[in-house]
There are 2 protein chains.
Amino acid sequence: MSARTPDTARDIPEATVARLPVYLRALIVLADAGTATCSSEELAAAAGVNSAKLRKDLSYLGSYGTRGVGYDVEYLRYQIAREIGVTQDWPVVIVGIGNLGHALANYSGFRSRGFRVVALLDADPARHEEVVAGLDVRSFDDLEGIVEEHDVSIGVIATPAVAAQDVADRMVAAGITSVLNFAPIVLSVPEGVDVRKVDLSIELQILAYHEQRKAVTARAEDAS
Amino acid sequence: MSARTPDTARDIPEATVARLPVYLRALIVLADAGTATCSSEELAAAAGVNSAKLRKDLSYLGSYGTRGVGYDVEYLRYQIAREIGVTQDWPVVIVGIGNLGHALANYSGFRSRGFRVVALLDADPARHEEVVAGLDVRSFDDLEGIVEEHDVSIGVIATPAVAAQDVADRMVAAGITSVLNFAPIVLSVPEGVDVRKVDLSIELQILAYHEQRKAVTARAEDAS
DNA sequence: CTCGTTTTGTTCTCGCGTTCACAAACTCCT
DNA sequence: AGGAGTTTGTGAACGCGAGAACAAAACGAG
Ligand SMILES: NC(=O)c1ccc[n+]([C@@H]2O[C@H](COP(=O)([O-])OP(=O)(O)OC[C@H]3O[C@@H](n4cnc5c(N)ncnc54)[C@H](O)[C@@H]3O)[C@@H](O)[C@H]2O)c1
Ligand SMILES: NC(=O)c1ccc[n+]([C@@H]2O[C@H](COP(=O)([O-])OP(=O)(O)OC[C@H]3O[C@@H](n4cnc5c(N)ncnc54)[C@H](O)[C@@H]3O)[C@@H](O)[C@H]2O)c1
């Protein structure tokens, strides 16, 4: 059992995993600009991080650089893409084709970054007339069939908050094991299912907090 | 100078700041359900965190609970809202009224959470005919006037990546000091300006990484 | 071949955030 | 009033991640 884990399964710190996509993006920009090689300093600047942190992050993947030279842009790009798992496309379903769902369905960036939207689902029959980004909006009841047919493991929830937990439950029951949730609610899912949330109001509120502090401290300095 | 900082300006850890909006949301749900009082255990469950963490987080704000009883829902709700700075509305401008900009403009949740969209700006003159969510889409050149008129300090960027840095520069020059960026690019801004980014592709890629690992480890277990 | 230069990979230290555990404080019941 | 039961607020231990600093490796010049 615990003799040795296979070399594909060394575990990368979560903080590093979150930055790998940023490095990947920066490498694609460099590759498109025709750069063949880059130093950790250059890549770190492009990714907006400290170069020591970048090197440490990359060292978890393996030893893909050359001392005195730097990194081969194309080679490193492939290695990171492979590590993240975006060398092939992941099929994705989007549930809730309202304001946000439309925007997501129309977004071309997913395709170029390793994802393929295979279905758009909505509970409202009035939506089923629609075609968005070349895909029919289908009934939410088609979920199970679509998940099985396309072997979908990633689902996106863009429904109102009240519906989100139900949608998540149905997704999990259908076999989806990764969820990206836009509804402002804490989802509860069984062990083994990953949930990431994107809450735009929270982002704004964090900005508001710092903004308020700027105002307070500015006033305090004026008074002195 | 450094005798003592005023009691409004104690500094709250960044990790705590990011969770306060979640607690606030949970408290609003509890208040709407008619709950007058709650324990740290209940509130923590509603917010999806550990109760010890919740108590420690709240302790940075002050001592707003009652031992043996719990927290007064309405009171704590107000205190958190005050600490975050969302007891009054913050004016916000959105730049880039494409797919995503439309969704954001139409989102009613911002209003109820302390934000008021005061203007929608786009560089494309073809967009200026439009009215979205009751607001005219205006020229990007109106930015400076709007920022001054409404005293805007928070800007949202929903333009393509190539335009994002230019937009950010113009925003900063106009006096905006907090930016929420949806474009997949690292923005560089002067000291004193806060930037938060939301990158949906990165979120999906993080899910993909873990999904891939699940597949790998499952295969490894099968083989044993 | 050797030396100086460049840049990676890694070790070490420090600080932050999480979690445990418990004393202090409050309520309620007798 | 006093004791039993609850629940907060916080001190202390621990683990992870950030950054500095440096040794090892590659390269090029002479
Ligand atoms: N629009 C934004 O910019 C924005 C910003 C932040 C958060 N959000 C959140 O994202 C979610 C979607 O926002 P929106 O503005 O697109 O809302 P919306 O009302 O425009 O769209 C929601 C869609 O979900 C569908 N739906 C409802 N119940 C469903 C169910 N049980 N199964 C399947 N589909 C169902 C509806 O028919 C509708 O088409 C909400 O939770 C919202 O809070 C949106
Ligand atoms: N649509 C999505 O779901 C989605 C998802 C993830 C990321 N994003 C990112 O969000 C951004 C917007 O996406 P979108 O799908 O809405 O794109 P879009 O092309 O539909 O809209 C972009 C809008 O910005 C305007 N614009 C361009 N240059 C401008 C400038 N200099 N000043 C002001 N306005 C300008 C355009 O006229 C257009 O209306 C992109 O950076 C995209 O990568 C979008």
Side-chain angles (χ1 to χ4, degrees), chain A residues 7 10-23 26-27 30 35-80 83 186 202 206 209-210 213, chain B residues 7 10-23 26-27 30 35-77 79-80 83 186 202 206 209-210:
Chain A
D7 61 343
R10 64 205 130 201
D11 58 328
I12 297 178
E14 196 52 37
T16 297
V17 171
R19 282 188 295 267
L20 289 179
V22 181
Y23 303 151
L27 285 166
L30 287 173
T35 313
T37 277
C38 70
S39 67
S40 65
E41 205 70 51
E42 292 172 90
L43 184 53
V49 302
N50 178 305
S51 71
K53 181 152 50 176
L54 171 82
R55 288 199 299 278
K56 179 169 261 194
D57 283 343
L58 294 184
S59 76
Y60 291 114
L61 312 192
S63 206
Y64 295 139
T66 309
R67 295 174 191 223
V69 179
Y71 300 93
D72 181 288
V73 172
E74 277 299 342
Y75 182 62
L76 184 59
R77 171 185 173 174
Y78 172 75
Q79 292 300 339
I80 293 180
E83 191 71 39
V186 178
I202 288 183
I206 294 170
Y209 169 80
H210 292 295
R213 295 214 12 138
Chain B
D7 62 342
R10 64 204 129 200
D11 57 329
I12 297 178
E14 196 53 36
T16 297
V17 171
R19 281 188 296 266
L20 289 179
V22 181
Y23 304 152
L27 285 166
L30 286 173
T35 313
T37 276
C38 69
S39 68
S40 64
E41 205 71 50
E42 291 172 90
L43 185 54
V49 302
N50 178 305
S51 71
K53 180 150 54 175
L54 171 82
R55 287 199 300 279
K56 177 146 269 186
D57 284 342
L58 294 184
S59 77
Y60 291 114
L61 312 191
S63 205
Y64 295 139
T66 309
R67 296 174 190 219
V69 178
Y71 301 92
D72 181 286
V73 172
E74 277 299 343
Y75 182 62
L76 184 58
R77 171 187 172 171
Q79 292 300 339
I80 294 180
E83 192 72 40
V186 178
I202 289 183
I206 295 170
Y209 169 79
H210 292 295

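Naming: A, B, ... by sequence-line order, numbering from 1 per chain. Excluded from the calculations below are hydrogen atoms, water molecules and symmetry mates; all remaining heavy atoms, backbone and side chain alike, are included.
- At the phosphate of dT7(C), neither OP1 nor OP2 sits under 4.0 Å from any side-chain N or O atom of S40(A).
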Strictly under 4.0 angstrom, non-hydrogen atoms only: write out the protein contact profile of nucleotides 25-30 of chain C, one letter per nucleotide from the 5' end, B, S or -. BBS---

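- Here the P atom of nucleotide dT18(C) and the CG atom of L54(B) are 12 Å apart, to the nearest Å.
- Contact annotation for Y60(B): no contact, since no heavy-atom pair falls under 4.0 Å across all strands.
- Whole-Å rounding puts the K53(A) NZ to dG17(D) P distance at 11 Å.
- Note that the CG atom of N50(B) and the CD atom of E41(B) stand 8.0 Å from one another [nearest 0.5 Å].
- Summary of the strand contacts: L58(A) and N50(B) both lie near DNA chain C, and taking for each the nucleotide with the nearest heavy atom, the more 5' one is attributed to L58(A).
- The residue among E41(B) and D57(A) whose nearest nucleotide of DNA chain D is located toward the 5' end is E41(B).
- Residue S63(A) has a polar side-chain atom (N or O) positioned under 4.0 Å from OP1 or OP2 of dG9(C).
- K56(A) contributes a side-chain N or O that forms a donor-acceptor pair with the base of dG19(D) under 3.5 Å.
- Heavy-atom minimum distance, Y71(A) versus S39(A): CD1-C, 4.4 Å.
- For S59(B), the side-chain atoms get nearest to dG9(D) when compared with the rest of dG17(C), dT8(C), dG9(D).
- Here the P atom of nucleotide dT8(D) and the CG atom of D72(B) are 13 Å apart, to the nearest Å.
- Y71(B) has a side-chain polar atom (N or O) that falls below the 4.0 Å cut-off from OP1 or OP2 of dG9(D).
- Nearest heavy-atom pair across C38(B) and L27(B) is SG-CD2, 4.4 Å.
- In terms of phosphate contacts, R55(B) brings no side-chain nitrogen or oxygen within less than 4.0 Å of OP1 or OP2 of dC20(C).
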